[in-house]
Amino acid sequence: MADGKSNLPAGRLIGIAAVAGVLAGALGVYVMGGPSGNNAPMVAGAVPDPQAVAACEAKTDKVAALDPLITGEVAAMLPADPPRLVSDLAFNDPDGQPMRLSDLGKVTLVNLWATWCAPCREEMPALNQLQAEMGGEDFEVVAVNIDTGDDTKPKAFLEETGVDRLAYYRDSTLGLFNDLKRRNLAVGLPVTLLVDADGCLLGHMNGPAEWASDDAKRLIEAAL
């Protein structure tokens, strides 16, 4: 999958998306509880910086410029309408310490995945290749594992599949997934967000994509 050529033809993508939808229904029952642990999202009643919120909402031209590039292998990406602030998204860093998306300060492709999610597992090598080819000071693929329990299964999967360029971000509490559900950005897995360096959401996608494709790279380049 991660050779720059799509191994996910349109028919198969539709089938995978259907399976993901079924999984989403089961997962929705499982994750209705509130977030817990050290990486909970912004507490209820907390008010984000109004200037930052307004700055994001004003980026409609930037989103419009990306729209023509949402095609081919990334055609399922939905432009943010309106662009919104998501810098407070919370999860754990590779050292297991709580962090927020704002701590990175770069364009990010945030992807939520789990070992029990078949389409997630299939697209991980492509995300790994995208990070290898484009990751750096200005861009990072932020793949957040949301398996409950300890790190044994997700780390074993990454080692077995040779996924070695993605930092190990983690949320074993399902708080991040619940947060995205509340924001109407997630219905199942995988879910992917394209976020600029100011923490503004530019686009979002539910379902898998060929992230090592030329279509995906052109979209990332435009976001940069």
Exercise. Report yes if the side chains of P79 and I70 come closer than 4.5 Å at any heavy-atom pair, otherwise no.
Key: yes
Quiz prompt | Other residues, nucleotides, ligands: >12 heavy atoms within 6.0 Å of R84 CZ | solution = yes
Quiz prompt | Check: R121 side chain, T115 main-chain N or O, donor-acceptor pair, under 3.5 Å | solution = yes
Quiz prompt | Closest heavy-atom pair and its distance - A90, R100 | solution = CB-NH1, 3.6 Å
Quiz item: Same cluster or not: are L224 and L202 linked, directly or through other Ile, Leu, Val, Met, Phe, Trp or Tyr residues, by side-chain heavy atoms under 4.5 angstrom apart?
Solution: yes
Practice problem: Any chance you could measure I220, atom CD1, to L109, atom CG, to the nearest 0.5 Å? | Solution: 5.0 Å
Exercise. Nearest 0.5 Å please: distance from the CD atom of E123 over to the CD atom of E210.
Key: 9.0 Å
Quiz prompt | Cluster overlap V107 with L85, hydrophobic side-chain contacts below 4.5 Å | solution = no
Exercise. For the pair L66 and L194, evaluate side-chain contact (heavy atoms from CB on, under 4.5 Å) and give the outcome as yes or no after the intermediate values.
Key: CA-CA 11 Å; L66 294 179; L194 179 58; 4.2 Å; yes
Quiz item: Under the 3.5 angstrom rule, does the side chain of N145 hit a backbone N or O of Y169 as a donor-acceptor pair?
Solution: no
Quiz item: Would a 4.5 Å heavy-atom cut-off, applied to side chains only, mark P83 and T60 as touching?
Solution: yes
Quiz item: Can you tell if the side chain of F139 reaches within under 4.5 Å of the side chain of K106, non-hydrogen atoms only?
Solution: no
Quiz item: W116 and L174: same hydrophobic cluster, using ILVMFWY side-chain contacts below 4.5 Å?
Solution: yes
Quiz item: Passes side-chain contact (heavy atoms from CB on, under 4.5 Å), L166 versus M124? Steps please.
Solution: CA-CA 9 Å; L166 300 176; M124 286 298 286; 3.7 Å; yes
Run the side-chain donor-acceptor check on residues 149-163: report pairs under 3.5 Å with partners two or more places apart or on a different chain.
from	atom 1	to	atom 2	distance (Å)
D150	OD1	T152	N	3.0
D150	OD1	T152	OG1	3.0
D150	OD2	T152	OG1	3.4
D151	OD1	Y168	OH	3.1
D151	OD1	R170	NE	2.8
T161	OG1	F157	O	2.8
T161	OG1	L158	O	3.4

Quiz item: With side chains defined as the heavy atoms from C-beta onward, is the minimum distance between D198 and K59 less than 4.5 Å?
Solution: yes
Practice problem: State, without any angle test, whether S213 and D215 hold a side-chain donor-acceptor pair at a distance under 3.5 Å. | Solution: no
Self-check item: Distance (rounded to the nearest 0.5 Å) between L219 CG and L69 CG
Solution: 6.0 Å
Quiz prompt | Heavy-atom closest contact (K181 atom, A186 atom, distance) | solution = CG-O, 3.5 Å
Quiz item: Counting distance only, does the side-chain N/O of D196 pair as donor-acceptor with the main-chain N or O of L201 below 3.5 Å?
Solution: no
Quiz prompt | Spatial distance of atom CG (L180) from atom CG (L193) [nearest 0.5 Å] | solution = 5.5 Å
Quiz item: Okay, side chain of T108, backbone of V110: is any donor-acceptor separation there less than 3.5 Å?
Solution: no
Quiz item: Is there a side-chain contact between F177 and D171 (heavy atoms, below 4.5 Å)?
Solution: no
Quiz item: Does a side-chain heavy-atom distance below 4.5 Å link V142 with L104?
Solution: yes
Quiz prompt | Side-chain heavy-atom pair K217, L130 within 4.5 angstrom cut-off | solution = yes
Self-check item: Pairing of D88 and R183 as salt bridge, 4.0 angstrom limit
Solution: yes
Quiz prompt | Verdict with reasoning, E221 to M134, per side-chain contact (heavy atoms from CB on, under 4.5 Å) | solution = CA-CA 9 Å; E221 287 169 356; M134 299 192 67; 3.5 Å; yes
Quiz item: How many angstroms lie between atom CH2 of W211 and atom CD of E133, to the nearest 0.5 angstrom?
Solution: 14.5 Å
Quiz item: Is the closest side-chain heavy-atom distance between P208 and C120 below 4.5 Å?
Solution: no
Quiz prompt | Side chain D179, main chain G175, donor-acceptor under 3.5 Å | solution = no
Quiz item: Would D164 and N128 satisfy side-chain contact (heavy atoms from CB on, under 4.5 Å), going step by step from the backbone distance to the final call?
Solution: CA-CA 7 Å; D164 56 358; N128 191 66; 3.4 Å; yes
Quiz prompt | Inter-residue atom distance C200.SG - E57.CD, 0.5 Å rounding | solution = 9.5 Å
